[in-house]
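So the structure is just underneath, and the comments pick up after that.
Side-chain atoms are counted along with the backbone in the values below, which use heavy atoms only and exclude waters and symmetry mates.
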Amino acid sequence: EPKPSAMTAVRLILTLILGAVQLCRTEPRPGKPNELLVITAATEVTDGYLRFMRTIRQFNYTVQVLGLGEEWKGGDVARTVGGGQKVRWLKKELEKHKDKQNTVIMFVDSYDVILASGPEELLRKFSRFSHRVVFSAEGFCWPDQRLASKYPVVHDGKRYLNSGGFIGYASEVHAVVKQWKYKDDDDDQLFYTRIYLDKEQRVCVFVELLTHNEGLRSSLLCLYEVVLKFEKSRVRARNVAYDTLPVVIHGNGPTKLQLNYLGNYVPTAWTYEHGCGICDDDLLDLNGLSEMPLVHIAVFIEQPTPFLEEFLERLATLNYPHTRLRLFIHNNVVYHEQHVERFWTRHRSLFPAARIVGPEENLKQDQARNMAVEACKKDVSCGYFFSIDSDVALTNPDILWILIEENKAVIAPMLSRHGKLWSNFWGALSPENFYSRSEDYIDIVQSKRVGLWNVPYITQVYLIRGETLRSRLAPVSLYKQEGMDPDMSFCKSVREQGIFMFVSNRDEFGRLISSTNYNISRLHPDMWQIFDNPVDWREKYIHENYSKIFDDDENLVEQNRCPGMLWFTLRAIHIPGLLNRTADELSRATLLGEWRLQPRTVQLIWGRFGAAQVDPFASPETSHCQLFYSLTEGTLGSARHWHTAGRGACASMRFPQ
């Protein structure tokens, strides 16, 4: 179980040999260890437990799980003392094994432990020890710092006992735990510490630092002390400080996030040879369901966002039974009311039970998000909660199918801005719990490594299992914590409940929209997004079949008489209705300054077709003719003005044939 976040020091194994006077044996064991039993404690099936059991099965360990399905009465060990209930369970279990002379017992936590190798290597390394019980160690004396001075001084490694993992012969481990006579919420680590520090029980106690041994390393690792070691079809965690390959990796307290990072690879979660080794485990087959799960879709429009009409239209094209969708929209932007209204007018039949909360409600972002998630919590038929912000361009209509089939409590599709590394997840956190770039972040964003990734932060779009909301997240205020934005609060709340947040880049889901330079004071603000959001701009304003005008190669491009110049044959095609949006909005957009044709180009045109007599839609600065017609007042060469003479002003003029 986790200890308080005060334990920030790196833990590497320190061998502490425990034994009472009556257990003292200086003679060697009658034989080598030939049997290993792993014992762990877990009251519920969590993501961490599933990860631990996956490595147990992979290496074919024999395991006994204590307490599964029972009520946890061992206290809040993440914040204070506790954990004694585990010792009581272990004491009872070891009554079955106390007489097995060559059986080795390894007790480890399950929620924050990964096994990196098999029992053969573990027993081989343990057999090198001249000690009968080995405990892991840490650099912080918990829970009673007053005991620190009583520990033997060490010159290398960590000094203080940690109860999260230990190994020893069954009879000796039993002799230790049988002394437990305390309450379930008393501290297990304090219990083991007192036995170790008791002078009467230290007659045969030896202390040894395993700085040159590749033995059992139950480690709370820091980023600078551990690197991934990619072997053939397998990944190990290499401790560079001690140059060892741990068999048991224990990430406690604040380094659980580092353990999650290692768990994305160790031992075969992802390898260069086979890619993702766990992606197809425990998938949910939706084809076998008689009725699709009910999904609550929550849309949040919290700031002016480009291409919102296209965003809303994609909701109507989701490849999922609309009868199994419930829509919630929070719009906090007055400018976007028109877009929401048009969407609702066109598609209200698809979402008859939709709830739309407008800016007039004056809801804060965290209030709106809590309102949406509470609707799923209260609806026992709500299978999933799908949250999506307006700056997400989902281009994969199968997204709900794909994410639900992954069968995760919390999962997000990986999205990034076009051509950028800005994405909707973080691979690591800084000590202040803000963004930090993980070693694999760029490879994941660029899909050089494809898989399911356990990450500490997701935002903008994600799917949460309804059952998770109604159970482990039921008492939690997801989006409101003091001094935190809603997204940071959400991720912290989920992490604190021991729930893994996954991001998937196994499929192409879409992209993120940049709204940084979006100016709604312009007449058609989307028109100005050609540089910030070029893909979305092209999809909206460039007709998908525009290239067909070039299908006929005859006379497409000819060499002009003027060296180095090309001229094109221009053709006009009719684009009806809304598809003519580009030309329509360009003609109404407010341009930055005047523009005019290059005089050299004008001379080429006149040389081919004859000189023009009048320049319509011009100004004194842009006209190429003495006579022109302007949309604004002008002086130079303007016999009449377009705004006063109207269309008829050009009717009497003779244009070149």
Can any side-chain N or O of [X] pair as donor or acceptor with the backbone N or O of [Y] at less than 3.5 Å?
X: S381; Y: D379; answer: no
X: T271; Y: H274; answer: yes
X: N505; Y: S447; answer: no
X: K256; Y: G498; answer: no
X: S489; Y: K480; answer: yes
X: W426; Y: Y441; answer: no
X: N396; Y: E508; answer: yes
X: D366; Y: P486; answer: no
X: N533; Y: S514; answer: yes
X: D487; Y: T459; answer: no

Minimum-distance pair of heavy atoms, taken over all atoms of [X] and [Y]:
X: Q529; Y: P306; answer: OE1-CG, 3.7 Å
X: V445; Y: M414; answer: O-CE, 3.4 Å
X: C276; Y: G451; answer: CB-CA, 4.0 Å
X: R369; Y: S387; answer: NH1-OG, 3.8 Å
X: P475; Y: R472; answer: CD-O, 3.8 Å

- Task: Output every pair passing salt bridge (charged side-chain N to carboxylate O under 4.0 Å, His left out) with a member in residues 448-470, not counting sequence neighbours, ordered by first then second residue.
- Result: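 Matches after skipping sequence neighbours: E439-R449, D443-R449.
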- Item | Pair listing, salt bridge (charged side-chain N to carboxylate O under 4.0 Å, His left out) test, anchored in residues 288-298, at least two apart |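 Listed by first then second residue: E291-R324.
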- Apply the test side chain to side chain donor-acceptor pair (under 3.5 Å) to residues S493 and Q481: give CA-CA distance (whole Å), side-chain angles for both, the deciding distance (0.1 Å), then the verdict. CA-CA 9 Å; S493 299; Q481 292 192 38; 2.9 Å; yes
- Item | Audit row: L415, F425, side-chain contact (heavy atoms from CB on, under 4.5 Å) steps and yes/no | CA-CA 8 Å; L415 302 170; F425 80 97; over 6 Å; no
- Message: Once disulfide bond (SG atoms under 2.5 Å apart) is applied, do any residues pair with C376, and if so which ones, sequence neighbours excluded?
- Response: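 Once residues adjacent in sequence are excluded, the partners of C376 under the disulfide bond (SG atoms under 2.5 Å apart) criterion are C382.
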- ring-ring contact (aromatic ring centres under 6.0 Å, His included) involving Y462 - partner list, sequence neighbours excluded: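 Expected list: F490.
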- Query: Between H418 and D536, is a side-chain contact (heavy atoms from CB on, under 4.5 Å) present by the stated rule, with each step listed?
  - Reply: CA-CA 10 Å; H418 176 70; D536 299 270; over 6 Å; no
- Item | Parallel, tilted or perpendicular: rings of H336 and H339 (30°, 60°) |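 Plane angle between 30° and 60°, so tilted.
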- Message: Please verify the inter-ring angle class for F230 with W270; under 30° counts as parallel, over 60° as perpendicular, anything in between as tilted.
- Response: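 F230 and W270: perpendicular rings.
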- side chain to side chain donor-acceptor pair (under 3.5 Å) partners of Y384, counting only residues at least two apart: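 Scan of Y384 (side chain to side chain donor-acceptor pair (under 3.5 Å), adjacent residues dropped) gives none.
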[X] side, atom [atom1]; [Y] side, atom [atom2] - distance, nearest 0.5 Å:
X: E360; Y: E337; atom1: CD; atom2: CD; value: 6.0 Å
X: N454; Y: L257; atom1: CG; atom2: CG; value: 8.5 Å
X: N424; Y: S416; atom1: CG; atom2: OG; value: 8.5 Å

- Message: Could you check whether any side-chain heavy atom of R342 comes within less than 4.5 Å of a side-chain heavy atom of E309, counting everything from C-beta outward?
- Response: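 With C-beta onward as the side chain, the pair touches.
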- After noting the C-alpha distance and the side-chain angles of F628 and T622, does the key distance pass the side-chain contact (heavy atoms from CB on, under 4.5 Å) rule? CA-CA 10 Å; F628 63 90; T622 64; over 6 Å; no
- Query: When you look at CH2 of W422, are more than 12 heavy atoms from neighbouring residues, nucleotides or ligands closer to it than 6.0 Å?
  - Reply: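 Open.
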- Message: Could you check whether atom CG of D285 has more than 12 heavy atoms from other residues, nucleotides or ligands sitting under 6.0 Å from it?
- Response: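 Correct, the count exceeds 12.
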- Item | Contact list for residues 313-322, test side chain to side chain donor-acceptor pair (under 3.5 Å), sequence neighbours left out |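 Sorted result for residues 313-322: E313-R346, E313-H347, N319-D398.
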- Determine, stepwise, if the pair V373 / L469 fulfils side-chain contact (heavy atoms from CB on, under 4.5 Å). CA-CA 8 Å; V373 84; L469 286 174; 3.7 Å; yes
- Query: Do Y435 and Y457 make the cut of ring centroids closer than 6.0 angstrom?
  - Reply: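 Ring centres of Y457 and Y435 not closer than 6.0 Å.
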- Message: For the aromatic rings, using the six-membered ring if either is Trp, is the centroid distance between Y265 and W453 under 6.0 Å?
- Response: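 Yes: the rings meet the under 6.0 Å criterion.
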- Query: Are a donor atom and an acceptor atom from the side chains of Q365 and H330 found within less than 3.5 Å of each other?
  - Reply: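 Short answer, no.
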